[in-house]
Undergrad: 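Have a look at this one before I ask anything.
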Amino acid sequence: MTDRTPPARMISRVSSQVSLRVSGQVSDQGIFRSLQARVMRWAFTKERDLGRPTEKARRGERFEIDAGDTGQVEAARLDEPNRWACRLIERSKDPNRIWTTEVLITENSLTEAMVGCRLLCTQLEDDRDSIPRSIPRFVREIAFTQAAFLDGRQTSPAP
């Protein structure tokens, strides 16, 4: 006799989604390049084990890095208007859960940019009530350390 239990389905849900207007002159190359560098530092932390970013990745150009079961990261850039999109896919410590972080940065001027971030979680349907709310660390860093605005209001680390 064989077990006829249907296989568990995978489901995806948005864990968080945010759009920030960020102002300030953070580097000689402007706020856009500074935000790009912040996202890259976050994506290539040691715990993600994606290896080192390529030269193209460090310059903010189009790149793809596939680290197998560890995860993958890719980015694309448009020059007019100046936009950069990055997607990081990583397995969590829970083997049944995969996190996908999508980031878009649009340059409004040398001193102003828009940053959008969406965090998705994909996991077995059996665990559907356990998808945690989470905000990527780099989003909190931007919101709490720079002149950032959410829905027209300046963000702050204070409640």
Side-chain angles (χ1 to χ4, degrees), residues 10-94 96-123 131-157:
M10 297 296 285
I11 60 167
S12 291
R13 289 211 176 126
V14 174
S15 178
S16 67
Q17 186 168 310
V18 67
S19 178
L20 298 170
R21 181 173 53 88
V22 184
S23 299
Q25 184 74 22
V26 178
S27 73
D28 292 340
Q29 298 175 331
I31 192 78
F32 178 86
R33 189 70 181 108
S34 172
L35 293 169
Q36 234 181 355
R38 185 182 292 261
V39 172
M40 290 295 292
R41 281 191 307 272
W42 169 82
F44 284 94
T45 57
K46 287 182 183 179
E47 64 261 14
R48 289 203 174 80
D49 198 23
L50 294 171
R52 297 177 50 83
T54 63
E55 185 59 34
K56 281 184 166 186
R58 283 191 292 274
R59 287 193 310 256
E61 297 175 14
R62 177 184 198 93
F63 73 92
E64 292 180 31
I65 296 174
D66 188 345
D69 286 342
T70 302
Q72 65 187 67
V73 61
E74 57 191 337
R77 181 169 178 185
L78 297 174
D79 290 327
E80 288 297 324
N82 201 7
R83 290 186 179 153
W84 183 75
C86 181
R87 179 182 326 153
L88 170 69
I89 300 170
E90 61 183 322
R91 292 194 183 280
S92 70
K93 293 174 186 168
D94 177 346
N96 296 321
R97 188 176 284 165
I98 299 170
W99 291 96
T100 302
T101 308
E102 300 170 333
V103 181
L104 175 65
I105 303 172
T106 301
E107 182 180 62
N108 296 340
S109 70
L110 277 177
T111 59
E112 184 180 280
M114 296 296 295
V115 178
C117 180
R118 178 171 49 192
L119 179 62
L120 302 148
C121 181
T122 303
Q123 66 182 28
I131 292 178
R133 294 253 180 230
S134 182
I135 298 173
R137 183 178 65 235
F138 77 89
V139 173
R140 289 191 305 272
E141 289 172 355
I142 292 168
F144 298 159
T145 63
Q146 295 182 233
F149 298 83
L150 175 67
D151 296 332
R153 293 187 175 161
Q154 189 161 2
T155 59
S156 163

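Keep in mind that the numbers below use all heavy atoms, side chains included, and drop hydrogens, waters and symmetry copies.
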Undergrad: Decide if atom CZ of R59 counts as having more than 12 heavy atoms of other residues, nucleotides or ligands within a radius under 6.0 Å.
TA: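 Above 12, so yes.
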Undergrad: Is it true that the NZ or CZ of R62 lies under 6.0 Å from the centre of W84's six-membered ring and within 45 degrees of the ring axis?
TA: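 Not flagged: R62 not positioned over aromatic ring of W84.
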Undergrad: Is the NZ or CZ atom of R21 both under 6.0 Å from the centre of the six-membered ring of F149 and within 45° of that ring's axis?
TA: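 So R21 does make the cation-pi contact.
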Undergrad: For residues A143 and A148, report the shortest heavy-atom separation together with the two atoms involved.
TA: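 Here A143 and A148 meet closest at CA-CB, 4.0 Å.
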Undergrad: I'd like to check S15 versus L120 (side-chain heavy atoms, cut-off strictly below 4.5 Å). Are they in contact?
TA: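 Answer no - side chains too far apart.
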Undergrad: Please check this pair: side chain of T155 against backbone of F144, looking for a donor-acceptor N/O pair closer than 3.5 Å.
TA: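 No: the side chain of T155 does not pair with the backbone of F144.
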Undergrad: Sub-3.5 Å donor-acceptor pair from the side chain of R58 to the main-chain atoms of P53, do we have one?
TA: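 Yes, because the side chain of R58 sits within donor-acceptor range (under 3.5 Å) of the backbone of P53.
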Undergrad: Taking atom CG of N108 and atom CZ of F32, what is their separation to the nearest 0.5 Å?
TA: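 If we round to the nearest 0.5 Å, N108:CG and F32:CZ are 10.5 Å apart.
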Undergrad: Take atom CD of E47 as the centre, draw a 6.0 Å sphere, and report whether it contains more than 12 heavy atoms from other residues, nucleotides or ligands.
TA: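 Atom CD in E47 is packed in, count exceeds 12.
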Undergrad: Please say which of R38, Q146, R41 ends up in a side-chain contact (heavy atoms from CB on, under 4.5 Å) with E141.
TA: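 Among R38, Q146, R41, the one meeting side-chain contact (heavy atoms from CB on, under 4.5 Å) with E141 is R38.
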Undergrad: Got a sec, which residues hit side chain to side chain contact (heavy atoms under 4.5 Å, CB included) with S156, two or more places apart in sequence or on another chain?
TA: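 For S156, the residues satisfying side chain to side chain contact (heavy atoms under 4.5 Å, CB included) (neighbours in sequence not counted) are A158.
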Undergrad: Does some side-chain heavy atom of V73 sit less than 4.5 Å from a side-chain heavy atom of R48?
TA: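 In short, these two side chains do not touch, never coming nearer than 4.5 Å.
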Undergrad: Any side-chain heavy-atom pair from C121 and R13 closer than 4.5 angstrom?
TA: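 No. Closest side-chain heavy atoms not under 4.5 Å.
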Undergrad: May I ask you to test the L35-V22 pair for a side-chain heavy-atom distance under 4.5 Å?
TA: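 Answer yes - side chains close enough.
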Undergrad: What are the two closest heavy atoms between L50 and I65, and how far apart are they?
TA: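 Shortest heavy-atom contact: O-CG2, 3.7 Å.
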Undergrad: Do T100 and L88 have side-chain heavy atoms sitting under 4.5 Å apart?
TA: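 With C-beta onward as the side chain, the pair stays apart.
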Undergrad: To the nearest 0.5 Å, how far apart are CD in Q123 and CH2 in W99?
TA: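 Here the interatomic distance stands at 8.0 Å.
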Undergrad: Are R87 and E74 within salt-bridge range, i.e. N to O under 4.0 Å?
TA: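 Yes.
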Undergrad: Is there a donor-acceptor pair under 3.5 Å between the side chain of S34 and the backbone N or O of G30?
TA: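 Answer holds: no.
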Undergrad: Are any of the side-chain heavy atoms of L104 and V115 separated by less than 4.5 Å?
TA: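 The answer is no; the side chains never approach within 4.5 Å.
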Undergrad: Just by distance, do the side chain of R140 and the backbone of I135 share a donor-acceptor pair under 3.5 Å?
TA: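 Answer holds: yes.
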Undergrad: Within the distance-only criterion (no hydrogens, no angle test), does the side chain of T111 pair as donor or acceptor with the backbone N or O of G24 below 3.5 angstrom?
TA: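 No, T111 side chain to G24 backbone: no donor-acceptor pair under 3.5 Å.
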Undergrad: Answer whether the closest heavy-atom distance between the side chains of I31 and E107 falls below 4.5 Å.
TA: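 Contact flag for I31/E107 side chains = no.
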Undergrad: Taking the side chain as every heavy atom from C-beta outward, state whether T45 and R137 have any pair of such atoms under 4.5 Å apart.
TA: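 Of all side-chain heavy-atom pairs linking R137 with T45, at least one is under 4.5 Å.
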